[in-house]
Amino acid sequence: MHSVNAPSPSASRRTPAARLAVPAGLLAAAVGAFAYVGAVDPGEPGHYPVCPLLRLTGLYCPGCGGLRSAHAVVHGDLLTALQANAPAVLGYAVCAVLWTAWVVRAVRGTPMRFEPPPALVWTAGALLLAFTVVRNLPFGGWLHP
């Protein structure tokens, strides 16, 4: 029986360039997306669709301000990015760290496995929920995008 997380026997025999193809493709997609958001300001109306939750209820979802934070990151304005959506900025950083670990492991020929403990997943979810609730309360106006 073959384990789902076991590396395939041929994975480590592939060339480093072949092992880097998928991480490189993902990097190209991310760079393209960030480049587009950096070039087309989400703060200007008409360029991106409005958040459906915000439009229908007037409530900010956890992603509201994410495009504005990405735009600010591209332009090197970290404080504006954090003000627009701090969890999104943290998410960009986590993705960059995980991608880097993936590339290092691909070069070494070892498979990338990311299995966060359930406590971490639940804690992250609870913090994101708390962020969403607080940003929609009257005293949470400083968290509005």
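Each residue takes its place number in the sequence, starting with 1. Only this structure's heavy atoms are used, side chains among them; waters, hydrogens and symmetry mates stay out.
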Kindly indicate whether the side chain of [X], heavy atoms from C-beta on, has any atom under 4.5 Å from the side chain of [Y].
{"X": "H71", "Y": "D41", "value": "yes"}
{"X": "V121", "Y": "P116", "value": "yes"}
{"X": "R55", "Y": "P49", "value": "no"}
{"X": "P87", "Y": "L128", "value": "yes"}
{"X": "Y92", "Y": "F34", "value": "yes"}
{"X": "V37", "Y": "V74", "value": "no"}
{"X": "D77", "Y": "Q83", "value": "no"}

Can you name the closest pair of heavy atoms from [X] and [Y] and give their distance?
{"X": "R135", "Y": "P145", "value": "NH2-CD, 3.3 Å"}
{"X": "P23", "Y": "W102", "value": "CG-CE2, 3.6 Å"}
{"X": "R68", "Y": "G43", "value": "CG-N, 4.2 Å"}
{"X": "A88", "Y": "G66", "value": "CB-CA, 4.2 Å"}
{"X": "A81", "Y": "S69", "value": "O-CB, 3.3 Å"}

Parallel, tilted or perpendicular: rings of Y60 and H144 (30°, 60°)
tilted

Is there a continuous path of hydrophobic side-chain contacts, each under 4.5 Å between heavy atoms, that joins [X] to [Y]?
{"X": "V31", "Y": "V22", "result": "yes"}
{"X": "L129", "Y": "L127", "result": "no"}
{"X": "V104", "Y": "W99", "result": "no"}
{"X": "V103", "Y": "V97", "result": "no"}
{"X": "V50", "Y": "Y48", "result": "no"}

Between the side chain of [X] and the main-chain N/O of [Y], is any donor-acceptor distance below 3.5 Å?
{"X": "R19", "Y": "V107", "value": "yes"}
{"X": "T123", "Y": "L120", "value": "no"}
{"X": "N85", "Y": "C64", "value": "yes"}

To the nearest 0.5 angstrom, please state how far the [atom1] atom of [X] sits from the [atom2] atom of [Y].
{"X": "H47", "Y": "L67", "atom1": "NE2", "atom2": "CG", "answer": "12.0 Å"}
{"X": "L59", "Y": "N136", "atom1": "CG", "atom2": "CG", "answer": "4.5 Å"}
{"X": "L26", "Y": "C95", "atom1": "CG", "atom2": "SG", "answer": "8.5 Å"}

